[in-house]
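Heads up: the structure comes next, in structure tokens.
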Amino acid sequence: MNIFKLVLRRKYGALFIGHILFYCIIFYTSIVLAQDRDKARPIKRFAHPERIRYDGSCMTIEGKDVYIYSAAFHYFRCPEDLWRDRFKKIKEAGFNTVETYVPWNWHERHIPRDMQDQSKFDFSDLKRWLKMAQEEFGFYTIVRPGPFICAEFSGGGYPRWLAKYRPENLEGFWLRGNDEQHIAWSQHWFDAVCKELKDEQITHKVKGKKGIIMIQIENEYDAHWTPGKDKVLKALNESVKKSGMDIPVFTCLTNETRGSIDPELSQVFDCDNYYVSGPSDAPSCAYRMMDLRKKQPDAPGFVTELQGGWFSLVTGRLSEEHYSDDRHFKAIGLMTMLGGGTGINYYMFFGGTHLDGWGARGMTTSYDYNAAIYENGAIGPKYLAAKEIGAFIQKFESKLVRTEGGPCELQGAPKSLFGGVRISSDGTKFIFLHNTDPKQAIKGRVTLLPNSTNLVKEPIYNVNQHGEKVLIKTDDQLASQILKMDKIEVEYDLAGLESKILVVSAGRSTAKGDWWPKKADTIQRPSKVPAGIRISTARKAEDATDLADWNGMRQLVSLSDMDINDFRYSIYRSHVVLTAKQAEREHYLLFNMYTRDIVSVLVNGKPAKRLFPDRADAQSWTTRNAFERIRLDEYDNRFDVAGLLKAGENEIVVAYENLGHAHGYVPMEELAGIHHAGLSLSETALTHPLEWEFSTDLAGIQRGWNLPDFDDTGWNKISLDTANEIPRKGNQVQPKGKQDGLVTWYRVEFNLDKLPKDLWVPWMAKINASGNGYMWLNGHNIGRHWEAGPQREFFLPECWLNFGSKKNVLTFGLRQTENGALLQALEILPYPNTAEVRKDR
């Protein structure tokens, strides 16, 4: 009515009135269509609604509305002896739930006989993790078994051996697609994992006991371009149900389930993942949550991955350099609440470590993630922010889970002020204010207009796993859920990037409101911690191929065919008799690979000159046709062997460096190993195939050189640099040596004094070395060393350290690069500013 009065008053005439009438008809039609769509949407069905169910507001567990405050913590990225410490910290921060991916390749490392064979699965560590989380710490749990998990984990969770079953001549991507063979193998995985998880569901526990409350199928499916996704999702959902899982099933960033009216997929609800494009972009979380709830009105607003930081890449930046700090952490959490979110899972809350090299290709050993709980178990400002939010949720949970509202127009506000209001059923107001300027504080008085939505003015982006901004399409009309409310005036005082909530009880003025979250207690740091130990000497030896266990090969096969599906170094060897003419003419040694891994070569004891690839590091795959399959006539490891061959018998020894299983694109669908190899007259065609022997591991591994009790007295003793500062991070700052072999081993010893019982100190090794390889602490594989950087500090888990008179042994097995494998300097020391006083332990 006011619109028509305005038109008449301004005398715009009949034409304008006609336009207005037209848009009114469109608006009315859209309402009718929306109502019809709501009528068409199938009713949610719950197997045990008295135990767990959900509606458009929240999860209801055993009759209580619950705000799901969840922390991502992967059991496979943390030594089991440290699980309890991480759980305790998560509990103390106020979380009621923990979430984990469940990687297929972690649990089925050996090829089964067929799809019906489940004898190769081992879920024992997952079961122990769930038991500790649920029974000892009282957490609800959320599991995400994939089959594709992404997670910056090897193969995105797919086993490497699975590539053996890719149908020939299949166009496009196979994994994550709707090919029957892929679906059948995915059901093989889901049938197995769900049977193990069945009894851990909350619906299968005694009332009052904690258990699994949600299970995910697939993962961020919108980011994968393959037809027939609904077919895959239905198959996975069917496996879930047939295996006895009767808790809510969900997806994340999957359009096929978001607001679906399909009889099957409508029973699966979709969640969002928020990785915002910058420190000032937290308001996008509110808008995206409103959009999610509008498109899916019969399910709670849940964020499966609320940005806890970011991962680090070889040759890239460390997680600590990511812009996400405690202010940003708090802002995206509170802005998600403003949009109506009643479930958030911080990813990662504890990141951990890629032990044994299980990170996806290109990942650093550290998966610290700039998370609230550091890789080494220490806590800092971001943890305190999480604790503050946790206390707020615990205080107001019963009111927060059922509210109306959202972002609204702010009158008299500076450009950097963003906010809105939500109101609970009892009239309690939650007034959210956020300063989007990271540097400039703001202070003043603002008027909120709850009935006037603060519409989206700028494009909204998410950040994918490659760090790329992806445009998010949201509904242009995100109206406030509040039908009628008077304007609200608030005095505010916000530091740069600060976020606050003014809680106002029903009938009270804002002047009587209470600002939340409250400041958490500070962390108690000791005044003194142990000094570091600069290592002055090491023992050194070259990997002795003559000590390896060799197996003849009638023809080259993949590593998976030899039951190798992890990330060790392997050795190939060929003995070939050449004529003088052959030795003179065959200048090239060519390798056709199953995947784009790296090999290094000794010909008659001398290093062969690498021709391709020129960059032999973990990032090479991203620049070498990662979207194209390797052809049988493509030689992507090529060497110049001119002058190294001789008439008579020649020995060629090859070190194979498995760079890791990529978690996307073509390399995710490839096996590993050398497909065929030999000498050649040219760089483009193989003219002299060779016969090969194979050793499944380095000779040093087979002879126990990585074990703490190995007797290394026969090794050469060398001096290390103790004068110069060791860089704590950086790319291409390794020492510059020269290749003279394939793999070089080092062993160092050190002792650590016992610490007082109330003092907790995390330890690291700061290393300056060239060469790529693995490191072992007292026999435990603590991950990869990539000479390229940027990681130079490596976590030494305290559960694997010895304190007191018993020595520690740190061992390195390094594949030589063009810089050789030179251990130049090493220091064992506490992480700075992370030690804690623990009077309760």
Side-chain angles (χ1 to χ4, degrees), residues 79-81 109-110 122 353-358 365 535 537-552 559 562-573 600 602 605 653-658 693-718 720 740-752 763 765 767 769 771-785 794-816 820-823 826 828:
E80 186 168 346
D81 287 341
R109 302 190 188 189
H110 304 284
D122 182 358
T353 311
H354 289 132
L355 304 166
D356 296 294
W358 275 89
T365 286
I535 306 297
T537 62
R539 297 276 184 177
K540 176 183 178 182
E542 298 303 314
D543 197 66
T545 55
D546 57 319
L547 297 179
D549 297 325
W550 291 99
N551 301 291
L559 296 184
M562 292 181 281
D563 204 26
I564 298 174
N565 294 291
D566 54 20
F567 310 101
R568 68 188 74 180
Y569 284 73
S570 303
I571 305 291
Y572 294 79
R573 182 173 69 178
S600 298
L602 288 184
V653 182
V654 177
Y656 182 94
E657 179 170 18
N658 189 326
E693 297 175 285
F694 180 74
S695 180
T696 58
D697 237 322
L698 297 175
I701 297 291
Q702 294 172 356
R703 302 306 167 202
W705 292 5
N706 58 319
L707 302 179
D709 56 355
F710 173 74
D711 183 4
D712 60 11
T713 53
W715 290 21
N716 294 326
K717 186 175 182 180
I718 65 168
L720 302 181
D740 59 8
L742 285 181
V743 177
T744 304
W745 287 82
Y746 295 93
R747 287 168 60 91
V748 301
E749 298 180 1
F750 60 94
N751 287 81
L752 295 174
W763 293 86
I767 301 164
N772 296 340
Y774 286 100
M775 301 167 289
W776 291 264
L777 173 63
N778 295 322
H780 299 276
N781 188 317
I782 60 171
R784 294 184 190 253
H785 176 274
F794 295 86
F795 175 44
L796 304 178
E798 63 265 34
C799 58
W800 295 339
L801 284 169
N802 299 317
F803 294 89
S805 59
K806 189 174 182 180
K807 70 180 180 182
N808 294 280
V809 179
L810 185 60
T811 309
F812 301 81
L814 301 175
R815 190 270 296 177
Q816 291 198 21
L822 174 63
L823 179 60
L826 172 63
I828 309 298

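Only a predicted model underlies this, so the values are computations on that prediction, with no experimental measurement involved.
Between D543 and G700 the shortest heavy-atom distance is OD1-N, 2.7 Å. Between N751 and S805, the closest heavy-atom pair is ND2-O, 3.1 Å. Of all non-hydrogen atoms in N778 and N808, the two that sit nearest each other are ND2-OD1, 2.9 Å. Residues N706 and R747 approach most closely at C-NH1, 4.3 Å, considering heavy atoms. Among all heavy-atom pairs drawn from P708 and K807, the shortest one is O-CE, 4.4 Å. Across every non-hydrogen atom of R539 and T713, the tightest pair is NH1-O, 3.6 Å.
Within the 4.5 Å cutoff, no side-chain heavy atoms of W763 are placed close to those of F795. The closest side-chain heavy-atom distance from F694 to V654 is not below 4.5 Å. Two residues are said to be in side-chain contact when any heavy atoms from C-beta on lie closer than 4.5 Å; L801 and F750 meet this criterion. I571 has its side chain out of reach of Y656: every pair of non-hydrogen atoms, C-beta onward, lies at least 4.5 Å apart. Between T696 and S570 there is no side-chain heavy-atom pair separated by less than 4.5 Å. Between L814 and N772 there is no side-chain heavy-atom pair separated by less than 4.5 Å. Side-chain contact check for I828 versus L810: some heavy-atom pair is nearer than 4.5 Å.
Interatomic distance, L698 CG to L547 CG, rounded to the nearest 0.5 Å: 12.0 Å. Atom-to-atom distance recorded for D740:CG and E542:CD is 6.0 Å, nearest 0.5 angstrom. Rounding to the nearest 0.5 Å places OG1 of T365 at 8.5 Å from NE2 of H354. Remark: I767 CD1 to L823 CG distance equals 7.5 Å, nearest 0.5 Å. For the atom pair CG of N658 and CZ of R568, the computed distance is 10.0 Å after rounding to the nearest 0.5 Å. Distance check: K540 NZ to N716 CG gives 7.5 Å after rounding to the nearest 0.5 Å.
With salt bridges taken as basic N to acidic carboxylate O contacts below 4.0 Å, one links D549 and R703.
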Please lay out, stage by stage, how Y569 and I701 fare under the test side chain to side chain contact (heavy atoms under 4.5 Å, CB included). CA-CA 10 Å; Y569 284 73; I701 297 291; over 6 Å; no

Just do the side chain to side chain donor-acceptor pair (under 3.5 Å) check on Y572 and E693 with the steps written out, would you? CA-CA 6 Å; Y572 294 79; E693 297 175 285; over 6 Å; no

For L752 and N802, run side chain to side chain contact (heavy atoms under 4.5 Å, CB included): C-alpha distance rounded to whole Å, both residues' side-chain angles, the deciding distance at 0.1 Å, then the answer. CA-CA 7 Å; L752 295 174; N802 299 317; over 6 Å; no

L826 vs Y746, test: side chain to side chain contact (heavy atoms under 4.5 Å, CB included). Steps then yes/no. CA-CA 11 Å; L826 172 63; Y746 295 93; over 6 Å; no

Please report the C-alpha distance between V809 and V748 in whole Å, then the side-chain angles of each, then the deciding distance to 0.1 Å, and finally whether the side chain to side chain contact (heavy atoms under 4.5 Å, CB included) criterion is met. CA-CA 6 Å; V809 179; V748 301; over 6 Å; no

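Note on ring orientation: taking the six-membered ring where Trp is involved, the planes of W800 and H780 are parallel (angle under 30°, cut-offs 30° and 60°).
Q816 and S600 are not linked by any side-chain donor-acceptor pair at a separation below 3.5 angstrom, with hydrogens and angles left out of the test. No side-chain donor from either of T545 and R573 sits under 3.5 Å from a side-chain acceptor of the other. Residues Q702 and S695 bring a donor and an acceptor atom of their side chains to less than 3.5 Å of each other.
Remark: the backbone N or O of W358 is not paired with any side-chain donor or acceptor of R784 at under 3.5 angstrom. Judged by distance alone, with hydrogens and angles left aside, the side-chain atoms of N781 form no donor-acceptor pair with the main-chain N or O of W776 at under 3.5 Å.
Annotation: F812 is not in aromatic contact with W745 [ring centroid separation under 6.0 Å not met].
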